[in-house]
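Lettering of chains follows the sequences in order, A, B, ..., and the numbering in each one begins at 1. Only heavy atoms go into these numbers, but all of them, side chains included; no hydrogens, no water, no symmetry mates.
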There are 2 protein chains.
Amino acid sequence: MNIGEASRASGVSAKMIRHYESIGLVPPADRRDSGYRDYGTADLHRLGFIRHARDLGFSLDRIRVLLGLWSDPDRSNADVKAIARAHVTELEQRARQLNEMADALRSLADACDGDGRPDCPIIASLETGANVPACHPGGSQGAMPPPAPRRKAVAGH
Amino acid sequence: MNIGEASRASGVSAKMIRHYESIGLVPPADRRDSGYRDYGTADLHRLGFIRHARDLGFSLDRIRVLLGLWSDPDRSNADVKAIARAHVTELEQRARQLNEMADALRSLADACDGDGRPDCPIIASLETGANVPACHPGGSQGAMPPPAPRRKAVAGH
DNA sequence: CTGGACCTTCCCATCATGGGAAGGTCAACG
DNA sequence: CGTTGACCTTCCCATGATGGGAAGGTCCAG
């Protein structure tokens, strides 16, 4: 199977399949004499696994770990569960931060007349920082997986 | 004022202040004979504005627009309000996607015994894609500002 | 045998941010 | 005066996941 067919079948873009190979997330694909990559059902299975994990917001690094557990017949479901729980916590925290920002901005917007005059509480708050969620260094986390892995209909999926 | 003092006073890292200057978000700073950048209160004010906008999750591109409105004495608060409302909608959507993922993964984790055996519904779902939030191409939005701009306590802020 | 669809590799862009190197400046202290 | 350490300058590179596109090779149907 060509990379294009594998892409359509797995819902992972060809570009990404090559990238995953380059970073060792999937093993180097078999090659035909022409140099074309050749995929089988096992490869599709693995790509599907990766895609579903991405759909749940896992980073490629964590997916690497999950793939390891997947192929380990002696794995402990406690390990998997721990990773999942930790990820849930991170997702919730990111969602909370976004909601905090949305709430703050929504109330600022609600306080704005929007009547065409220059007078604007939103601008005023940006100037002074009033009612803007403060930076709380204790709970800061800079290194988190991207917001939404959402690809745009790579397959008729 | 040095860039370091400006950084501490505004809560924007020196690195970022230079970056903002390089992309034209702030005007080129005055220079002393030594070549050091020199900041005044107006500059601090502008940097503070940018920081607060970042704290609300605005992208630098949108902040550019907001800065334009800020310095426009004839601005319409309706314009500001429209930008804010659009941003609120985006924030909410991102939060919703994260919560969807968290919900799905939480229920998978709840279904996992975590008793040390290899048997695991989480892994099973990643294999099959069952109970994993599907990719809904219609509502997809790839180009959104980062999840949390949170910097790590650049100032004693 | 040709055209178009597909594949290959390689480089570049995104977005906001930080790390670090190589070298210049400044202020305080001995 | 000299040194030291904190600070500044510019420049390049990295992140993470993804896409765009160029230059060139392959495959198959007409």
Side-chain angles (χ1 to χ4, degrees), chain A residues 1-8 11-26 28-39 47 50-51 53-64 90 94 135 140-154, chain B residues 1-8 11-26 28-39 47 50-51 53-64 90 94 97 135 137 140-154:
Chain A
M1 193 166 29
N2 272 348
I3 197 172
E5 298 170 277
S7 167
R8 261 157 286 165
V12 178
S13 77
K15 215 74 172 167
M16 278 304 100
I17 296 177
R18 293 195 197 96
H19 180 57
Y20 293 164
E21 180 180 319
S22 84
I23 63 172
L25 206 60
V26 300
D30 286 347
R31 298 289 184 137
R32 282 190 280 216
D33 289 351
S34 62
Y36 282 23
R37 286 175 181 79
D38 199 8
Y39 295 92
L47 288 171
I50 294 174
R51 189 171 95 74
R54 288 295 300 138
D55 282 344
L56 287 171
F58 283 102
S59 72
L60 295 187
D61 257 359
R62 271 190 210 273
I63 293 176
R64 200 186 295 273
E90 288 177 16
R94 281 200 278 156
C135 91
S140 171
Q141 236 125 12
M144 258 196 216
R150 273 58 215 53
R151 71 210 68 62
K152 37 182 155 179
V154 60
Chain B
M1 193 166 30
N2 272 347
I3 198 173
E5 298 171 276
S7 166
R8 261 156 286 166
V12 178
S13 76
K15 216 73 173 168
M16 278 302 101
I17 296 177
R18 293 195 196 96
H19 180 57
Y20 293 164
E21 179 179 320
S22 82
I23 63 172
L25 206 60
V26 300
D30 286 346
R31 298 290 184 136
R32 281 193 280 218
D33 289 350
S34 61
Y36 282 24
R37 287 176 180 79
D38 200 8
Y39 295 93
L47 288 171
I50 294 173
R51 187 170 95 73
R54 289 294 300 138
D55 282 345
L56 286 171
F58 284 102
S59 72
L60 296 187
D61 257 359
R62 271 190 211 273
I63 293 175
R64 199 185 296 274
E90 288 177 16
R94 281 201 277 155
Q97 285 182 346
C135 91
S140 172
Q141 234 125 12
M144 259 196 217
R150 273 59 216 52
R151 71 209 68 62
K152 38 182 152 178
V154 60

Under 4.0 Å between any heavy atoms, over every strand shown, what does B:Arg31 touch: base, sugar-phosphate, or nothing? Just pick one. sugar-phosphate
Touch check for A:Asn2, heavy atoms < 4.0 angstrom, all strands: base, sugar-phosphate only, or nothing? sugar-phosphate
Could you state the interatomic distance from [atom1] ([X]) to [atom2] ([Y]), rounded to the nearest 0.5 Å?
X	Y	atom1	atom2	answer
B:Ser7	B:Arg18	OG	CZ	9.5 Å
B:Arg54	B:Tyr20	CZ	OH	5.5 Å
A:Ile50	A:Leu25	CD1	CG	4.0 Å

Let me know the distance between [atom1] of [X] and [atom2] of [N], rounded to the nearest Å.
X	N	atom1	atom2	answer
A:Glu5	C:dA5	CD	P	16 Å
A:Leu60	D:dA17	CG	P	4 Å
B:Met1	D:dC7	CE	P	15 Å
B:His19	D:dT15	NE2	P	18 Å
B:Asp61	C:dT17	CG	P	13 Å
A:Arg18	C:dC6	CZ	P	13 Å
A:Asp33	D:dG25	CG	P	17 Å
A:Tyr39	C:dC7	OH	P	10 Å

Difference in axis direction between the ends of the helix from C:dC1-D:dG30 to C:dG30-D:dC1, five pairs, 10°: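 That helix gives 30° between its end axes.
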Judged by nearest nucleotide, the residue sitting upstream toward the 5' end of DNA chain C, A:Gly35 or B:Ile23, is A:Gly35
Does a side-chain heavy-atom distance below 4.5 Å link A:Ile17 with A:Arg37?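 They are not in side-chain contact.
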Close side-chain approach of A:Ile3 and A:Tyr36, heavy atoms under 4.5 Å: no
Under 4.0 angstrom between [X] side-chain N/O and [N] OP1 or OP2:
X	N	result
B:Arg54	C:dT17	yes
A:Arg32	D:dT26	no
B:Ser34	C:dC26	yes
A:Arg37	C:dC7	no

Can you sort out the partners of A:Asp30 under side chain to side chain contact (heavy atoms under 4.5 Å, CB included), two or more places apart, ordered by chain and number?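 Per chain and number, A:Asp30 pairs via side chain to side chain contact (heavy atoms under 4.5 Å, CB included) with A:Asp38.
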Without hydrogens or angle criteria, can the side chains of A:Asn2 and A:Arg32 be said to hold a donor-acceptor pair below 3.5 Å? yes
Identify, between B:Lys15 and A:Tyr36, the residue whose nearest nucleotide on DNA chain D lies closer to the 5' end.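 It is B:Lys15, whose closest nucleotide lies nearer the 5' terminus.
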